[in-house]
Amino acid sequence: MRSSANKVSNLMEHQKWFLDPKWIIIGLIVSFLLIFQVFPLLYLVFRAFFSTGKFSLEAFKRVYTYPLNWEALTNTLITASLSMVFGVLIAFPLAWLVGRTNLYGKKFFRTLFVATYMVPPYVGAMAWMRLLNPNVGTLNVFLQKIFNLSSAPFDIYTIGGLVWVLTGFYYPYAFITISRAMEKMDPSLEEASRISGANPLTTLRTITLPMMLPSIVAAALLVFVAAASSYGIPSIIGLPGQIHTVTTRIIDFVYIGSQEGLTDATTLAVFLMVIANIVLYISTFTIGKKQYITVSGKSTRPNIVDLGKWRIPITAVVVIFALIVVIIPFISVALSSITVNLGEPLSKANMTFRYWERIVTRKSILSSARNSLVSAVLAATFGMIISGMMAYLLVRTKVKGRKIPDFMITVGSGTPSVVIALSLIMTMSGKFKINIYNTLTIMVIAYMIKYMMMGMRTVVSALTQISPSLEEASQISGASWLKSLKNVTLPLIAPALVAGWFLIFMPCFYELTMSTLLYSANTKTLGYELFTYQTYHNQQTASALATAILVVVFFINWLLNKLTDGEFSI
Amino acid sequence: MSRIVIKDVKKAFDDVVVLNDFNAVFEDGEFITLLGPSGCGKTTMLRMIAGFEKPTKGEIYIGETEVSSSKTFVPPEKRDIGMVFQSYAVWPHMTVFDNVAYPLKMKKMDRASIKEDVESVLEIVHLSQYSERVPSQLSGGQQQRVALARALVAKPQLLLLDEPLSNLDAKLRDSMRFEIKEIQKKLKITVVYVTHDQMEAMTMSDRVIVINHGDIQQIGAPPEIYRYPANQFVADFVGKINFIRAKSENGQVTFKDSKQSLDYSGPVTGDVVVGIRPENLRFISRNGDFLGTIVSKFYLGDVNDCRVDIGGEQLRVIAEPKSFDTYNEGDKIQLRVDEFSVFPDSGDKDLTKILT
Amino acid sequence: MSRIVIKDVKKAFDDVVVLNDFNAVFEDGEFITLLGPSGCGKTTMLRMIAGFEKPTKGEIYIGETEVSSSKTFVPPEKRDIGMVFQSYAVWPHMTVFDNVAYPLKMKKMDRASIKEDVESVLEIVHLSQYSERVPSQLSGGQQQRVALARALVAKPQLLLLDEPLSNLDAKLRDSMRFEIKEIQKKLKITVVYVTHDQMEAMTMSDRVIVINHGDIQQIGAPPEIYRYPANQFVADFVGKINFIRAKSENGQVTFKDSKQSLDYSGPVTGDVVVGIRPENLRFISRNGDFLGTIVSKFYLGDVNDCRVDIGGEQLRVIAEPKSFDTYNEGDKIQLRVDEFSVFPDSGDKDLTKILT
Amino acid sequence: GGASEVKATNDSGLSGKVMIYTSMYDDVIEAIDNTLEEVFPTVDIEFFYGGTGTLQAKIAAEISAGKLGCDMLMVADPSYALELKGQGVLEPIMVKDTGKLAFEYDKEGYWYPVRISNMVLAYNAGKYNKADLPNSFYDFANDKSVAGMISMSNPLTSGTALDTISALKDKYGYEYYTALGNQKVKIESGSVALTKLETGECKEIMILEESVLQKRELDNSKITVIYPTDGTIVVPSPIMSINDKWSANKNIEAAKAITEWFLSEEGQKNIVKAWMHSVRSDYPEPPYDAIPTAEIRKNTIPVDWANTVALREEMRTKFQEAIAAKK
Ligand SMILES: Nc1ncnc2c1ncn2[C@@H]1O[C@H](COP(=O)(O)OP(=O)(O)OP(=O)(O)O)[C@@H](O)[C@H]1O
Ligand SMILES: Nc1ncnc2c1ncn2[C@@H]1O[C@H](COP(=O)(O)OP(=O)(O)OP(=O)(O)O)[C@@H](O)[C@H]1O
Ligand SMILES: [Mg+2]
Ligand SMILES: [Mg+2]
């Protein structure tokens with residue numbers, strides 16, 4: 001609650017006169033962000049303004065007066081907003097069903113619904129392209145046959161199609177964030193509503209939903225930023241239909257390969273950064289003082305909502321949803337990994353495992369996998385440490401400027417990957433005394449900059465749910481700030497931490513754009529491999545690799561679920 | 001209609017049995033108090049009546065409807081109940097006004113009447129000036145009153161109150177008790193009340209159900225329970241009491257240690273425990289039942305509390321201050337016993353052990 | 001050393017002033033109770049002593065150290081305090097044992113002694129058999145006892161208890177009170193206690209601080225506060241009392257309505273309010289101070305409570321049941337006044353209004 | 001022949017590291033890398049593989065950081081080489097038998113062509129007849145029967161695509177872009193386009209010959225090249241060395257030897273294995289399933305490299321507007 005947060009924070013302000021480990025840690029983190037994120041990005045933006053050597057708005061004028069760019073801007077805003085709205089609209093009820101009701105197969109669905117997050121978006125986009133293209137899309141043809149339609153019912157190369165695929169791939173952000181928050185909620189708050197005469201749906205709408213608002217807003221923010229700054233999906237789904245987005249335009253500029261191209265790309269990227277932060281600002285502004293504690297000092301019994309006679313129909317709806325959004329595209333990906341000729345139906349003659357063979361026999365794949373694992377684990381772990389600390393700073397203290405790290409982290413996420421990578425190349429290869437170019441470190445840093453917000457937002461929304469009195473009780477028991485954090489705060493937000501970790505880990509694990517710019521002979525990653533296959537004119541191998549990643553991640557998740565009783569899994 | 005019938009209800013969490021063979025009928029318009037030590041299952045019972053918990057076994061009826069059984073289940077919102085949760089469960093995202101208005105909104109009442117009703121109930125719980133605050137800006141007692149107001153506002157057929165006054169001061173508690181009673185009488189609703197405060201239980205209830213360890217110990221009107229406790233547990237739990245081991249024979253109970261005795265012609269014989277409430281002991285100048293020595297004297301505000309040794313057993317005596325202003329610690333005195341109960345001796349070592 | 005000095009402390013949330021000019025000294029080893037209506041600022045005071053809240057103005061010292069002021073601030077974990085939060089603040093992710101063991105772990109005690117200490121304090125709060133449960137598997141009262149055990153276990157120099165017994169039944173409460181007192185005496189620690197239960201305040205405290213609306217009304221030992229309340233609020237808040245408007249002149253106070261009078265030679269003259277506690281009224285067969293009629297009789301378990309009309313004013317009389325077993329409603333009786341207080345009449349309409 | 005000459009150079013004590021940025025496929029590089037290891041056992045040669053656009057972006061960023069991460073480049077087209085030359089990052093290298101080179105090279109030695117890519121048309125022989133489809137670039141943009149079902153690479157991100165639209169503009173004027181726009185041509189990467197050809201979503205695509213050849217050889221694909229009747233667009237890709245001021249390892253000697261090797265018959269054999277055509281007149285062997293280089297050279301649409309650099313922005317803008325307008 002705000003007031004309690006204030007209470008804590010008041011004293012934080014005065015504690016800073018002591019040499020408190022808190023301030024040392026926070027200081028370290030802030031300087032890290034300053035050096036490795038703010039400085040490179042600022043440098044890039046600075047270059048945009050000083051493209052001719054002295055200050056000029058030339059680049060801005062050039063970029064922002066070009067009509068195609070404007071169209072791209074509107075497309076980005078439209079698709080990102082719609083994906084955000086639909087993503088949350090899908091994720092919230094799913095999270096509720098999975099987290100708070102006696103839906104059949106909850107645990108299974110919980111894992112299934114995040115599955116789209118485990119495949120690289122461009123692989124998934126290819127799947128949708130094959131399913132729903134207006135000429136020969138498999139699903140289109142199928143529907144045409146069944147309903148005897150004269151033309152294809154869907155065209156994926158439209159704004160609608162783009163939103164569909166973006167939503168399908170980014171709703172898991174929302175799902176993970178919201179379901180984590182939901183599971184922690186004090187059920188007696190909902191019970192109080194039931195007893196007041198509200199049915200489960202009304203309760204959901206008037207109590208659960210508003211109380212989940214911080215999480216929902218966080219979720220919406222994640223989906224929006226992810227959709228707005230994604231490149232893979234718009235380039236595959238949007239470009240064929242001449243639907244440009246800011247990211248595809250930026251890539252256009254970047255790949256021109258000239259200094260001017262870089263300047264234009266940065267100039268356009270500034271838009272995304274600004275937009276991401278406007279969204280952040282609006283979201284913190286709208287929820288403003290509304291930080292609802294749903295984990296209080298009095299424990300209540302965990303309780304689930306009985307769906308009653310709706311249990312079967314609702315489960316059926318969920319199954320259909322899963323089928324359409326998750327299963328079908330996955331099957332499509334998995335099948336294409338064993339199809340020789342994608343133009344022919346899968347038959348014995350047209351089936352092969354040589355793409356699988358290729359990925360398992362290829363020399364570099366193991367070392368790439370190891371590199372990806374290491375860098376993704378590092379990025380996720382450091383990312384969560386930083387997010388955790390910064391979230392604490394933001395939620396529990398009233399330090400002046402505590403919003404700045406949040407702002408910086410959001411800028412990072414709003415920046416297209418390619419711009420981040422380029423800014424790091426320009427600033428971290430010795431020109432300014434730091435040379436980490438061609439190391440794994442630079443990749444880890446790039447990943448962190450791009451994906452840290454996923455962790456940050458998740459933790460922030462989780463932290464607002466925890467009653468400060470629980471931390472106070474720890475302090476009064478003689479625990480220092482760090483110990484209270486470790487013993488009380490962290491375990492209580494553990495599910496969110498795990499979720500956040502996973503949200504960072506997964507995209508880093510198969511990250512493509514930055515990796516292809518930043519890898520070196522010793523630091524090839526899976527993203528690089530995927531990229532090779534993709535441009536190797538061979539979708540099948542990319543599909544095989546994606547399927548393999550999915551299977552492995554699913555297995556690990558299942559294992560963790562078993563071993564930790566659901567505590568450390570998604 | 002809110003006659004409640006609880007039939008053979010049993011409740012277990014996994015293998016922890018919390019309530020056992022609960023059978024009770026709460027008549028329409030009756031004020032029932034559940035009384036029992038911490039952890040005996042009171043909240044669990046309320047939650048089953050409300051429909052948040054399903055009985056492991058047995059049936060619950062509200063009015064003519066079977067609301068919980070192995071076959072049917074009526075969801076909480078259809079049961080027309082007002083409830084105060086032990087943990088308050090006030091909604092942090094709503095102002096005091098909105099919290100209280102919620103049940104009325106659910107009834108689709110019009111805005112004007114909602115405003116009117118909410119304001120009048122806020123008046124009752126003395127929170128009018130806080131109506132625009134959110135719960136995090138309220139003190140503990142204020143939050144509890146929000147919960148109470150929310151339960152009362154919709155005038156439900158059945159009120160379930162789980163320690164609704166535990167965080168209020170005596171004055172407010174008095175006033176709240178009065179209001180709850182008023183509402184109950186006026187609307188003729190059934191109230192199931194949980195309290196730890198015996199005074200509350202005694203003054204407010206039509207009947208009290210004493211529970212221990214998930215078993216009903218006694219059901220009865222307050223004076224009945226107080227004066228004729230069904231067993232040693234009830235005697236001990238409801239009010240203060242001195243227990244003395246004795247032998248019952250030949251129309252007398254003879255205390256084991258002090259050998260002093262009382263006339264007794266009741267049915268219990270053999271090894272017994274005699275229970276005497278401290279206020280049923282009086283200092284008397286002559287012809288007392290016992291002789292004793294004052295061990296300690298304790299000032300309690302409106303009464304005095306002292307301990308008297310009668311030669312082996314210590315007895316607690318509570319009396320108005322005046323009656324022993326003249327006596328001091330160490331003085332020899334005589335005691336008169338006005339009323340006592342006799343229970344079979346269960347052989348428990350510590351007669352005043354607290355059971356949880 | 002845990003002498004606490006609170007100097008000119010003021011606390012406001014934004015523009016809501018919650019405590020005003022608070023000045024008090026709690027001596028080392030003293031048992032201090034904060035008493036006051038719901039929302040008067042008790043919790044806020046405790047939180048300031050603990051260091052969760054910074055005074056808007058003023059200083060707080062614990063021992064010789066200035067712990068809170070505009071210049072310095074000692075964080076809570078350095079203050080060596082045990083605290084029970086009004087909202088319990090038990091950690092949902094830890095078992096009962098781990099909750100209670102936590103303060104000891106922070107002191108880096110070895111495992112064996114932790115186990116021993118925790119077990120003995122769990123014994124005290126009667127939770128031994130629940131040590132492996134997590135809080136969500138406990139009843140409200142059980143959770144509260146976990147909070148209490150956690151505050152006691154580390155034997156801190158200073159104990160802050162915010163209604164630590166509000167959800168416990170009378171027996172347990174008695175036993176807990178006893179244990180808290182024992183610990184306090186044995187370790188000679190300072191205890192600051194918040195309660196709504198006057199009995200608790202009266203029996204346990206060395207001194208009571210009565211607060212209303214953020215202002216200290218009176219500081220004193222319990223009998224002092226009870227018998228010589230500083231003002232009408234204290235008289236009213238601490239225990240039951242009859243207020244009767246009267247005129248004080250010529251060595252007498254004369255009741256405005258009934259015109260009956262009492263001898264009074266104190267300093268307050270003019271329009272006054274006379275306060276008489278119900279237990280200071282006695283039925284007497286002759287030579288009573290007043291004549292009256294019994295209006296109602298109410299059974300309260302160990303005492304009877306009845307109202308007597310003395311010709312305009314109604315007085316509440318509480319007496320042991322025996323003393324008016326023979327009287328019935330409507331009977332004429334005589335009353336003797338043993339003690340009374342006189343306050344200047346503030347002109348308030350409703351003399352028993354509840355202030356929150 | 002050339003190989004033994006190179007070996008001789010090698011014996012004269014080369015050492016150190018050489019980093020080469022290239023857009024040749026990883027698999028191809030792996031093979032070449034192994035050969036190079038045998039040829040230059042004392043030199044530590046590393047390849048960095050990336051798409052043309054990626055590499056150009058990386059190089060631009062590195063230049064802005066003041067230092068390149070490589071010593072040699074094998075990427076893009078002569079126009080890019082001209083651009084880099086202008087920026088002063090290249091080192092002139094005089095190779096011996098330039099007489100055998102069948103293609104234009106920099107007389108000062110700043111760059112040499114090392115592999116030939118051809119922009120052609122392609123279709124799925126398993127689904128359509130060649131006779132029913134456009135057989136020229138002109139028809140590709142004007143035959144309405146394929147409207148909405150054709151695809152090409154993005155000239156904004158791909159060098160060869162830019163060269164193509166530059167050549168086609170020279171031949172047919174900017175109207176050609178408008179025509180493409182009217183045809184609702186899809187702009188996408190080669191791998192996506194090929195998949196679409198396979199699934200039948202596209203009837204015909206404009207693509208590099210090598211992509212098709214590779215697919216035919218490795219995946220037994222039925223996708224077939226059409227050498228446009230109005231001329232193939234031939235794009236030589238240069239090999240360049242970075243001068244000491246900018247290079248990562250300052251190993252010009254080794255760079256020189258490696259350049260020699262790539263231009264030798266031995267080196268060219270590896271290029272042809274990678275489905276590209278050789279640059280040597282004395283090595284006429286075409287890649288798998290391709291027609292001979294000489295055959296192709298009989299009918300080409302020439303690219304004006306200097307003009308391509310000069311008019312780059314204008315062409316890109318015009319192209320984009322033409323395509324976007326006819327959504
Ligand atoms: N954040 C806040 N903003 C405004 N007023 C507040 C805030 N927090 C507390 N208050 C007010 O401060 C007053 C004192 O609160 P406090 O919790 O100290 O009361 P208390 O004496 O402990 O009451 P209770 O016995 O009901 O717990 C209350 O009236 C409360 O409404
Ligand atoms: N999930 C659970 N698993 C096991 N035991 C439980 C669970 N929930 C509650 N209990 C036990 O059930 C018993 C009854 O709990 P209940 O909350 O009904 O008690 P109560 O009578 O309301 O007590 P209090 O007065 O302390 O609130 C307690 O002993 C408690 O420990
Ligand atoms: Mg309870
Ligand atoms: Mg309080």
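Below, chains carry the letters A, B, ... as their sequence lines are ordered, and counting in each starts from 1.
- Comparing K67(D), Q87(D), E46(D), K222(D) by heavy-atom pairs within less than 4.5 Å of chain A, the highest count is held by E46(D).
- Taking CG from N154(D) and OG1 from T248(A), the interatomic distance works out to 9.0 Å, rounded to the nearest 0.5 Å.
- Interface remark: S64(D) contributes backbone and side-chain atoms alike to the contact with chain A (heavy atom separation under 4.5 Å).
- Rounding to the nearest 0.5 Å places CG of L156(D) at 8.5 Å from NE2 of H244(A).
- Contact count against chain A (heavy-atom pairs under 4.5 Å) is highest for K58(D) among E188(D), K58(D), E30(D).
- The parts of T54(D) that come within reach of chain A are both its backbone and its side chain, each placing non-hydrogen atoms under 4.5 angstrom from that chain.
- With a 4.5 angstrom heavy-atom cutoff, T516(A) touches chain D via backbone and side-chain atoms both.
- Put simply, of Y355(A), Y437(A), Y43(A), F253(A), the one with the most heavy-atom pairs under 4.5 Å next to chain D is Y437(A).
- For the options L239(A), L518(A), I425(A), D252(A), heavy-atom pairs under 4.5 Å to chain D are most numerous at D252(A).
- Minimum heavy-atom separation, V185(D) to Q242(A): O-NE2, 4.4 Å.
- Taking the side chain as every heavy atom from C-beta outward, N220(D) and V340(A) never approach each other to under 4.5 Å.
- Annotation for Y288(D): atom OH counts as buried by contact number, over 12 foreign heavy atoms lying within 6.0 Å.
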- Task: With side chain to side chain contact (heavy atoms under 4.5 Å, CB included) as the test, would you mind laying out the steps for Y66(A) and T317(D) before giving the verdict?
- Result: CA-CA 10 Å; Y66(A) 192 48; T317(D) 312; 3.3 Å; yes
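- The contact between I187(D) and chain A is made by backbone and side chain atoms together, counting heavy-atom distances below 4.5 Å.
- Summarising the geometry, atom CG belonging to N69(A) is positioned 8.0 Å from atom CD belonging to Q320(D); distances are rounded to the nearest 0.5 Å.
- For L422(A), the parts lying under 4.5 angstrom from a heavy atom of chain D are both the backbone and the side chain.
- Among all heavy-atom pairs drawn from M426(A) and A65(D), the shortest one is O-CB, 3.4 Å.
- Residue E201(D) touches chain A through both its backbone and its side chain, counting heavy-atom pairs closer than 4.5 Å.
- Side-chain contact between R130(A) and T195(D) is present, with heavy atoms from C-beta onward closer than 4.5 Å.
- Contact annotation for E62(D): both backbone and side-chain heavy atoms come within less than 4.5 Å of a heavy atom of chain A.
- Counting heavy-atom pairs closer than 4.5 Å to chain D, the top-ranked of the candidates L262(A), T138(A), N438(A) is L262(A).
- When the ring pair (Phe, Tyr, Trp, His ring centres under 6.0 Å) test is applied to Y528(A), the partners found at least two apart in sequence or on another chain are Y519(A).
- When every heavy atom of R354(A) is checked against every heavy atom of L218(D), the shortest pair comes out as NH2-O, 3.5 Å.
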